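Okay, so here's the structure we're looking at.
Just so it is clear, the structure is predicted and the values come from calculations on it, not from any experiment. When a ligand or atom number is given, it counts from 1 through the structure's own listing order. Counting from 1, the numbers follow the sequence of the chain as shown. Basis for what follows: all heavy atoms, side chains included, without hydrogens, waters or symmetry-related copies.
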Amino acid sequence: MIEDVLAQPHQIGDALWRVEAAGIASRDLAGGLVICGMGGSAVGGDLAAAAIGNRAQRPIRTVRGYELPPDVGPDTLVLCASYSGSTEETLACFEAAGEAGAPRVALTTGGPLAERARTAGIPVAGVPSGMQPRAAVVYMTIGALECAAACGVTPSLRAEIEGARELLEQLAEDSGADSIARALEDTIPVVHGAGPTAAIARRWKTQLNENSKLPAFASELPEANHNEIEGWRRGLDLAPLSAVFLHSPSLHPRLERRMELTAERLADIGAPVVRVDARGDTPVAHVLSLVMTGDLVSVSLAELEDIDPDPVDAIEGFKAALGS
Ligand code: F6R
């Protein structure tokens with residue numbers, strides 16, 4: 001797992017090449033892009049939307065489940081992302097998109113998704129096999145970003161994507177992840193994000209779940225200032241909660257202020273608080289740097305507890321019980 005995370009800078013060029021090789025047609029679609037997937041394969045959709053931010057000229061949505069929104073039709077590009085290619089929810093969306101007459105793209109290592117896409121003559125962007133699906137986050141995010149550019153959601157962000165490589169190389173050398181992990185040791189982290197960092201907070205949460213084998217939660221501001229903040233004092237009596245705040249230069253100034261003030265309030269009542277700042281000078285770099293830092297923290301936390309981050313027995317056991 002640590003090798004896959006540290007390889008993220010090198011995956012950038014490979015991911016761009018693989019999507020290009022799929023030969024996805026460029027067209028301007030009023031319905032924009034829908035990314036269908038689950039877990040580690042869905043997150044690329046959210047992260048792409050966060051990186052595009054208010055530059056989006058068409059809608060970009062992630063669908064986690066069996067059904068597509070009713071408005072999806074011939075003017076919406078549907079990207080079906082499944083690392084294994086055998087996730088039942090994503091396969092159901094693949095079929096539903098075909099029935100709705102939507103143009104489709106598959107992003108996968110193979111499995112029934114690649115098979116069905118090839119039979120139907122649909123572009124398949126290949127993802128390298130041999131990783132855990134969640135470790136393919138760079139492939140999933142770049143796949144979604146390139147599809148967004150192909151259907152008119154955003155102008156090409158290729159320069160930004162390529163420009164993030166050097167930054168991630170630096171991050172691999174010096175991320176501060178070990179000290180963040182020590183601050184979070186033996187706690188249940190609540191990862192706070194706002195605006196573009198809300199999706200990244202969810203990525204941190206899922207990486208803490210799957211790699212560190214911890215319960216963890218994601219919280220979004222400003223909403224949490226209107227409810228969740230009320231539960232912290234009693235929460236700290238009941239559980240060893242900690243709070244992480246993901247900052248980015250792309251944050252609205254009032255969201256930045258809310259993050260700072262929320263962190264101060266939680267520290268005052270005894271919560272361990274960690275602030276993490278995005279690095280780089282583009283929205284794509286901000287997103288990828290915070291994602292890689294979170295991935296490194298999750299692996300570091302596993303290491304501190306002598307846990308192997310790789311296997312996900314509970315997830316696999318659940319899929320087997322469901323016959324999925
Ligand atoms: C496992 C992981 C899971 C899977 C999810 C969907 O590493 O991250 O969240 O991504 O169960 O499976 P795939 O990605 O194969 O469609």
Side-chain angles (χ1 to χ4, degrees), residues 1-8 11 15 18-19 34-48 62-68 78-97 104-117 122 124-144 147 191 199-218 291-292 294-299 301-302 307-324:
M1 184 56 70
I2 187 67
E3 278 167 22
D4 286 341
V5 178
L6 292 174
Q8 286 182 7
Q11 293 164 1
R18 283 166 180 271
V19 183
V34 167
I35 300 102
C36 303
M38 299 304 303
S41 295
V43 70
D46 295 342
L47 296 172
T62 307
V63 169
R64 293 173 166 86
Y66 293 90
E67 288 174 316
L68 291 173
V78 176
L79 170 63
C80 296
S82 169
Y83 187 84
S84 61
S86 51
T87 296
E88 63 176 37
E89 297 94 319
T90 315
L91 288 170
C93 286
F94 178 80
E95 298 304 333
R104 295 174 285 180
V105 174
L107 180 61
T108 183
T109 56
L113 179 60
E115 236 176 78
R116 291 186 203 181
I122 283 156
V124 179
V127 181
S129 56
M131 304 158 98
Q132 276 290 332
R134 61 191 180 279
V137 63
V138 164
Y139 291 96
M140 295 300 173
T141 305
I142 291 178
C147 284
V191 188
I200 309 164
R202 288 196 294 276
R203 167 68 178 181
W204 274 58
K205 169 233 183 297
T206 57
Q207 289 293 80
L208 293 165
N209 295 149
E210 294 184 62
N211 287 344
S212 326
K213 321 296 177 200
L214 275 177
F217 300 90
V291 166
M292 186 170 168
D295 288 5
L296 290 169
V297 168
S298 68
V299 176
L301 265 166
I307 287 167
D308 181 355
D310 229 57
V312 280
D313 297 341
I315 296 172
E316 299 302 343
F318 189 87
K319 285 184 183 178
L322 199 64
S324 149

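- The distance from ligand 1 to the heavy atoms of Ser82 drops below 4.0 Å at these ligand atoms: 13 (P), 15 (O), 16 (O).
- The main-chain N or O of Pro128 is found under 3.5 Å from a side-chain atom of Tyr83 such that the two form a donor-acceptor pair.
- Here the protein heavy atom with the shortest distance to atom 10 (O) of ligand 1 is Gly40 N, 3.0 Å.
- Listed by chain and number, the residues in a salt bridge (Lys or Arg N to Asp or Glu O under 4.0 Å) with Asp295 are Arg203 (sequence neighbours excluded).
- Short contacts between ligand 1 and Gly39, defined as distances under 4.0 Å to a heavy atom of the residue, involve ligand atoms 9 (O), 10 (O).
- You'll find the side chain of Leu107 stays beyond 4.5 Å of the side chain of Leu113, heavy atoms only.
- Closest to atom 2 (C) of ligand 1, if we only count protein heavy atoms, is Glu210 OE1, 3.0 Å.
- Within ligand 1, counting atoms from 1 as listed, the ones closer than 4.0 Å to a heavy atom of Met38 are 5 (C), 6 (C), 10 (O).
- When atom types are taken as modelled, the side chain of Gln11 and the backbone of Asp4 share a donor-acceptor pair closer than 3.5 angstrom.
- Ranking the protein heavy atoms by distance from atom 12 (O) of ligand 1 puts Thr87 OG1, 3.1 Å first.
- In this structure, the side chain of Thr90 does not engage the main chain of Cys80 through any donor-acceptor pair within 3.5 Å.
- Of the protein's heavy atoms, Arg134 NH1, 2.6 Å lies nearest to atom 7 (O) of ligand 1.
- Donor-acceptor pairing under 3.5 Å is recorded for the side chains of Glu88 and Tyr66.
- In this structure Ala97 satisfies the side-chain contact (heavy atoms from CB on, under 4.5 Å) test together with Leu68, Val78, Ala102, Arg104, sequence neighbours excluded.
- Between Ser41 and ligand 1, at least one N/O pair is under 3.5 Å apart.
- Nearest non-hydrogen protein atom to atom 15 (O) of ligand 1 is Ser84 OG, 2.6 Å.
- At the shortest separation from atom 11 (O) of ligand 1 among protein heavy atoms lies Lys319 NZ, 2.8 Å.
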